[in-house]
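Take a look at the structure set out below.
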Amino acid sequence: MLKTAAYAAFSPTTPLAPHTIERREPGPHDVQIDIRYCGVCHSDIHQVRDEWGGSIFPMVPGHEIVGTVVRVGNGAGKWKVGDIVGVGCFVDSCRECEACREGEEQYCAEGMTLTYNAYERDRKTPTFGGYSTRITVNEDYVLRIPAGLPLERTAPLLCAGITTYSPLRRFGVKAGDSVGVVGLGGLGHMGVKLARALGAKVTVLSHSQNKRGDALQLGADDFVATRDEKVFKKNAGRFDFLLDTVSARHDYNDYLNLLRRDGTMVLVGVPEPTALSAGSLIFGRRRLAGSLIGGIRETQEMLDFCAAHGVASDVEVIPIQGINEAYDRVVRSDVRYRFVVDIASLKKP
Ligand code: NAP
Ligand code: ZN
Ligand code: ZN
């Protein structure tokens, strides 16, 4: 076993603190990765604070991992020492169900193996995430980071990037479409960049005026502050597609009414439940859908797309010792636009 320095949550209400975990020695089909950077996703906070229930402690969060391959199992021929690689939200799946065979492992019928706050396929070995100095991962669940992308700005692509790229592609967003991105945080700012790269006209819908300048700088064509309720009437029927990234409770019906006929709103944010009125869908034959991260194949496609289009996350790099303060700032919507932990800070005594 490989003793590995990490930061962990020990309960939903106590700050994250230093911890030591054990990683497995790489088996024939594993690669061992020295982690360089790990992004901080709002899902880390939801799970640390047990907002979805069933959290497993101690928990080492982190599923936006980039690092360097340092050891390769005999049978893991795809990879070599020195490769720059990524690991996203899951590290295994059954490989046999329809979803797995179609490369949509995130919808595995047996449940994907989450990178942390879960158990390996043996159902008893806990998984630990990227707030740690190294990880051992099966070769098939590793992504290639294209050359030329700045590493700290690439880490957030492994969750925020793929979670926004996948629905934009799946629901056929194309050049000229009117796209609204609801919530300008980690996911939202990637949604803006990716929708723009696909040629869409992008509007940010944000709950205050604070991020107007940033939204336009990130590439949005327009900005709507939703605190003023009049904007919902004014923008009714405006959008072909809405990507809802908001992490806190809000009324979906208000947003559905912003869709034009046959428009689609996709939920990716996971707030507490809220009521849905049938009329919001019936009038205008609108669609409401959800989307969960993306499979390995599509995640690689997204990384290559980002490299080709020069798309990367806007980040604030922090030492791991700043993680608790960063969590509070994310919850206050005070993140510009993703915190990324420099894992070198974990190696210092
Ligand atoms: P984030 O950086 O905190 O962004 C969330 C945004 O929601 C905020 O920036 C803010 O945007 C808006 N918001 C927050 N509190 C609000 C409030 N009280 N009222 C109105 N708007 C509020 O979080 P993230 O990392 O992007 O994650 C967003 C959500 O997606 C989380 O629930 C996360 O768990 C979920 N998620 C889902 C998937 C998936 O596969 N579906 C993957 C990753 C994450 P404005 O300030 O612009 O309003
Ligand atoms: Zn995430
Ligand atoms: Zn499966």
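Residues: numbered from 1 along the sequence shown. In listed order, ligands and their atoms are each counted from 1.
Of the options S43, G88, G39, the smallest heavy-atom separation from atom 44 (C) of ligand 1 is shown by S43.
Residue contact check: H46 has heavy atoms under 4.0 Å from atoms 31 (C), 32 (O), 33 (C), 34 (O) of ligand 1. Heavy-atom proximity to G269, at under 4.0 Å, picks out these atoms of ligand 1: 29 (C), 30 (O), 32 (O), 35 (C). Close approach to L292 involves these atoms of ligand 1, each under 4.0 Å from a residue heavy atom: 40 (O). Of all atoms in ligand 1, numbered sequentially from 1 with element shown, those under 4.0 Å from a heavy atom of A248 are 15 (N), 16 (C), 17 (C), 18 (N). Every atom of ligand 1 is numbered from 1 in the order shown, and the set under 4.0 Å from a heavy atom of S206 is 45 (P), 46 (O), 47 (O), 48 (O).
Between H250 and ligand 1 there is no heavy-atom distance shorter than 4.0 Å. Residue contact check for ligand 1: Y327 places no non-hydrogen atom closer than 4.0 Å to it. Not a single heavy atom of Q106 sits closer than 4.0 Å to an atom of ligand 1.
If you put the vertex on the Zn ion (ligand 2), SG of C159 and SG of C41 sit 130° apart, to the nearest 10°. Rounded to 10°, the angle formed at the Zn ion (ligand 3) by SG of C100 and SG of C94 is 120°.
D228 has no carboxylate O lying under 4.0 Å from a charged side-chain N of K234, or vice versa, which leaves the two without a salt bridge. Between E64 and R338 there is a salt bridge, with a side-chain nitrogen of the basic residue lying less than 4.0 Å from a carboxylate oxygen of the acidic one.
In terms of N/O distances under 3.5 Å, ligand 1 is approached by L184. Considering both main-chain and side-chain atoms, V268 comes within under 3.5 Å of ligand 1 through a nitrogen or oxygen pair.
Within the model, atoms CD1 of I323 and CD of E325 stand 10.5 Å from one another, a figure rounded to the nearest 0.5 Å.
Checking H63 against the Zn ion (ligand 2), an N/O/S atom falls under the 2.8 Å cut-off.
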